[in-house]
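Indexing begins at 1, ligand by ligand and atom by atom, following the structure's order.
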Amino acid sequence: MKKAFIFDLDGVLCFTDKYHYEAWKTVADKLCIPFDESVNDRLRGVSRMESLEIILSLGDKTYSEEEKIKLAEEKNGVYRKLLENMTPSNVSDEVRRTLEELKSRGYKLAVGSSSKNTPLILEKCDLKKYFDAVSDGNNIKHSKPDPEVFLKAAEFLGLGSGDCYIVEDAEAGIDAGKAGGFTTIGIGCAARYEKTDICINTFKDILQTAV
Ligand code: B16
Ligand code: MG
C-alpha cells in the first residue's frame, strides 16, 4: 500500500492558468508574437524560462540571454500582481475535503510544483496547513519532465518513489512521475494522456484510489 500523495499545484490544487495566460500575453503582444489558449496549454508544468523559449520560437527574432531574463522577469511581475488577487476561495471545497480525508486515512501529503511562486500561492490560498512537505521550483535544477521535483518531495517525506502517488494535470508532469518510478494519477489534460497510470474525472475520485 502507498503511503503518500504528491500533488502538482497549478491545474490540480488550484487554477492559475488564466493568470499565466494574461501575463505571458502581455509579453507576447509587446513582441508581436501570436499567443492564444493553445500556446498557453503547451506551457503547463513547464518552467518559466522554457515557457519563454516556446513563446519566442513562434516569433522570428532572436534574443540575447540578458533580454530573455528581462522578459521572464517582466512576465513574473505581471503574474505576481495577479496572484495577489487569490484568496482561499480559489481552492474548491472538494479539494479541501479530499485532502482532509486523505490525511485522516493516514497518508502523508506533499506538493511537487515547477513554480517558483509556490510559497506565495500556498499562502494566498491558505493551503500550506495540509502538507507535510513542499518541493517546488526553488529547490530544483531541472524542471518537469525531469523527475527531480517529485524525487525531492518524496525525500522530504522520508519515502521512496514506490511509496507515493503523483497527481498531475500536465503531460510533462506525468512523464516526470514515470521517470522517477512513481504511480501517476492524471486529471484534466493528463487524464487523456496514454502514459498516465490512473485517470480520474474529478479531484475526489482520488479517494477511490486511496482505499
Ligand atoms: P513560475 P505546476 C507550473 O506549475 C505551471 O504549470 C507552468 O505553467 C509554469 O510555467 C511553471 O509552474 C513555472 O511557474 O513562473 O511561477 O515559476 O503545474 O508545476 O504547479
Ligand atoms: Mg500543473
Side-chain angles (χ1 to χ4, degrees), residues 5-28 35-57 68-86 90-91 95 109-125 127-128 130-131 133-153 165-177 179-180 182 184-193 196 200 203:
F5 285 81
I6 302 173
F7 295 90
D8 172 55
L9 182 62
D10 294 332
V12 172
L13 296 171
C14 63
F15 297 90
T16 50
D17 331 30
K18 55 180 185 295
Y19 301 137
H20 279 299
Y21 176 83
E22 233 179 289
W24 280 128
K25 182 130 179 64
T26 311
V27 173
F35 185 78
D36 60 18
E37 297 283 354
S38 69
V39 181
N40 199 49
D41 272 351
R42 290 173 55 195
L43 313 181
R44 279 177 202 283
V46 176
S47 75
R48 195 181 307 162
M49 290 311 284
E50 283 161 328
S51 298
L52 178 66
E53 292 291 353
I54 291 173
I55 293 168
L56 295 182
S57 74
K68 287 180 191 172
I69 289 167
K70 267 190 91 177
L71 290 168
E73 279 171 359
E74 196 179 319
K75 182 265 173 177
N76 197 45
V78 178
Y79 180 58
R80 282 183 71 94
K81 250 194 207 126
L82 294 167
L83 289 181
E84 287 298 330
N85 298 324
M86 289 192 101
N90 284 93
V91 174
V95 166
L109 307 183
V111 172
S113 168
S114 301
S115 175
K116 291 187 169 166
N117 292 300
T118 296
L120 175 64
I121 299 169
L122 293 180
E123 189 213 306
K124 298 295 288 178
C125 295
L127 270 173
K128 205 162 182 284
Y130 302 104
F131 299 101
V134 175
S135 171
D136 63 27
N138 299 296
N139 62 256
I140 54 169
K141 285 203 182 73
H142 307 287
S143 190
K144 301 166 188 175
D146 190 283
E148 186 180 6
V149 73
F150 293 136
L151 291 172
K152 275 270 182 276
Y165 289 109
I166 297 297
V167 187
E168 259 291 346
D169 71 309
E171 293 187 2
I174 296 292
D175 289 341
F182 296 88
T184 55
I185 301 177
I187 192 165
C189 290
R192 296 181 289 276
Y193 186 38
T196 302
I200 58 171
F203 196 83

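The contact shell of ligand 1, taken as protein residues with any non-hydrogen atom closer than 4.0 angstrom, comprises D8, L9, D10, H20, L43, R44, G45, V46, S47, R48, S51, Y79, S113, S114, S115, K116, N117, K144.
Applying the ring-ring contact (aromatic ring centres under 6.0 Å, His included) criterion to Y21, with sequence neighbours excluded, gives F35. Taking Y165 as the reference, F5 meet the ring-ring contact (aromatic ring centres under 6.0 Å, His included) condition, with sequence neighbours excluded.
For N85 and Y19, the side-chain atoms include no donor-acceptor pair closer than 3.5 Å. A donor-acceptor contact closer than 3.5 angstrom links the side chains of S113 and T118. Residues D136 and N117 bring no donor and acceptor atom of their side chains to less than 3.5 Å of each other.
No side-chain heavy atom of F15 sits less than 4.5 Å from a side-chain heavy atom of H20. Inter-residue side-chain proximity for L43 and I55 is flagged as met; some heavy-atom pair is nearer than 4.5 Å.
A donor-acceptor pair under 3.5 Å is formed between the side chain of S114 and the backbone N or O of G45.
Protein contacts to the Mg ion (ligand 2) involving N, O or S atoms at a distance below 2.8 Å are D8 OD2, D10 O, D169 OD1.
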| request: Would you please test E53 and K68 for salt bridge (charged side-chain N to carboxylate O under 4.0 Å, His left out) and show each step? | output: CA-CA 9 Å; E53 292 291 353; K68 287 180 191 172; 3.0 Å; yes
